[in-house]
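Worksheet for the structure shown next.
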Amino acid sequence: MKKILVIGATSAIAEYCVRIWADRGDVLYLVARNEERLKTIVADLKVRGAAEAHTYCTDLNNMNSHAELLDAAEAAMGGIDTVLIAHGTLSNQKACEQSVEETLTEIKTNALSTISLLTLIANRFEAKQAGTIAVISSVAGDRGRASNYVYGSAKAMITAFTSGLRQRLYKSNVAVVTIKPGFVDTPMTAEFKKGLLWAKPQAVAAAIVRAIDAKKDDVYVPAFWWAVMTVIKAIPTAIFRKIKL
Ligand SMILES: NC(=O)c1ccc[n+]([C@@H]2O[C@H](COP(=O)([O-])OP(=O)(O)OC[C@H]3O[C@@H](n4cnc5c(N)ncnc54)[C@H](OP(=O)(O)O)[C@@H]3O)[C@@H](O)[C@H]2O)c1
């Protein structure tokens, strides 16, 4: 039985992860900003068999709440074995181009808030020489594209930060799992036309849980995105700058 903290727990992908953990009988601590949604999810998890499901309500851009939410999770569960950080917003690229404020808010939600949490969690796990930290980044962080480079650059920051953190914490027996999904059919992408490259959140969640169990380093979900991104990253800049992706 694991003690799992899920940050951004009302995300569609995170919700399917917590269902799997509830089915296993794990102890869960869910953090999100929508109290009603949290209550509905917890009611469902209890029916599914979660040993315990606690909640904490906060806007994660309020970084003053981060240390307190970690203290509350540790107190409620008697420690934390695994953390999944899943919150995020798909930035409106056009709006960001017209507004410094909008751009910085998106960077705050998709990168800085996560980096604040990672810094605090890393120190706690390093001190006890145990734990698994999983973060949902994105394939969008692998190469900036005109259509979503604000979101992509925030995710690139997460990918680079977790890469460094993984090296730092290796000798402390702390695993850092960076998850890079491709296109996933969730509320975040509700307005997009879906095609062959799209995955369902259930399948993505199952792959995330497997990656956390195996303490993988960097995982593309679904796995074929590794090949797609290898090709995209290999395109010379002189060509890449002219194409529309
Ligand atoms: N869907 C995709 O195609 C895709 C692809 C690659 C990576 N990802 C990443 O996967 C993760 C999960 O996204 P999803 O697809 O499951 O989308 P989602 O269902 O829209 O979930 C996003 C979650 O983030 C929460 N959130 C946003 N800003 C927050 C804040 N300031 N404080 C607290 N919670 C906040 C939202 O809460 P509210 O419901 O209260 O707004 C929502 O629960 C995100 O990190 C996303 O960037 C998604």
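Order of listing sets the numbers, starting from 1, for every ligand and every atom in it. Small disclaimer: the values here were computed from a predicted structure and weren't measured.
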Check whether any N or O atom of [X], backbone or side chain, sits under 3.5 Å from an N or O atom of ligand 1, and answer yes or no.
X	answer
Ala86	yes
His87	yes
Ala32	no
Thr89	no
Thr10	yes
Pro181	no

| said: Looking at Phe224, I'd like to know if its CZ atom is crowded, meaning that more than 12 non-hydrogen atoms belonging to other residues, nucleotides or ligands lie closer than 6.0 Å. | reply: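 Enclosed.
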| query | Is any side-chain heavy atom of Trp198 less than 4.5 Å from a side-chain heavy atom of Val184? | reply |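 With C-beta onward as the side chain, the pair stays apart.
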| query | So do the side chains of Ile179 and Val135 get within less than 4.5 Å of each other, counting heavy atoms only? | reply |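 Contact flag for Ile179/Val135 side chains = no.
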Side-chain H-bond candidate by donor/acceptor type, [X] with [Y], under 3.5 Å:
X	Y	value
Ser137	Thr159	yes
Asn110	Thr89	yes
Ser11	His87	no

Using heavy atoms and a threshold below 4.0 Å, how should the contact between [X] and ligand 1 be classified: side chain, backbone, both, or neither?
X	result
Asp59	both
Ala12	both
Thr186	side chain
Lys180	neither

Report, one line per pair, each donor and acceptor closer than 3.5 Å where one atom sits in a side chain of residues 28-41; sequence neighbours left out.
from  : atom 1 : to    : atom 2 : distance (Å)
Asn34 : OD1    : Glu36 : N      : 3.2
Asn34 : OD1    : Arg37 : N      : 3.1
Arg37 : NH2    : Glu15 : OE1    : 2.8
Thr40 : OG1    : Glu36 : O      : 3.0

| query | Under 4.0 angstrom from ligand 1, any heavy atom of Gly182? | reply |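 Flag set, Gly182 near ligand 1.
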| message | Against ligand 1, does Tyr151 come closer than 4.0 Å with any heavy atom? | response |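 Per 4.0 Å heavy-atom rule, Tyr151 contacts ligand 1.
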| message | Nearest non-hydrogen contact with atom 17 (O) of ligand 1 belongs to which option: Arg33, Lys155, Met188, Glu106? | response |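 Among Arg33, Lys155, Met188, Glu106, the closest heavy atom to atom 17 (O) of ligand 1 belongs to Met188.
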With a cut-off of 4.0 Å, which atoms of ligand 1 are near a heavy atom of [X]?
X	result
Asn61	31 (N)
Pro187	19 (O)
Ser137	7 (C)
Phe183	3 (O)
Thr189	1 (N), 2 (C), 3 (O)

| For Asp217, which residues count as a salt bridge (Lys or Arg N to Asp or Glu O under 4.0 Å) partner, sequence neighbours excluded? |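 Salt bridge (Lys or Arg N to Asp or Glu O under 4.0 Å) list for Asp217, sorted by chain: Arg166.
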| Closest heavy-atom contact between Arg143 and Lys233? |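 That would be NH1-O, 3.5 Å.
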| task | Using the salt bridge (charged side-chain N to carboxylate O under 4.0 Å, His left out) rule, take Arg48 and Asp44 through it: C-alpha gap first, then chi angles, then the decisive distance, then the call. | result | CA-CA 6 Å; Arg48 287 169 183 274; Asp44 174 61; 2.9 Å; yes
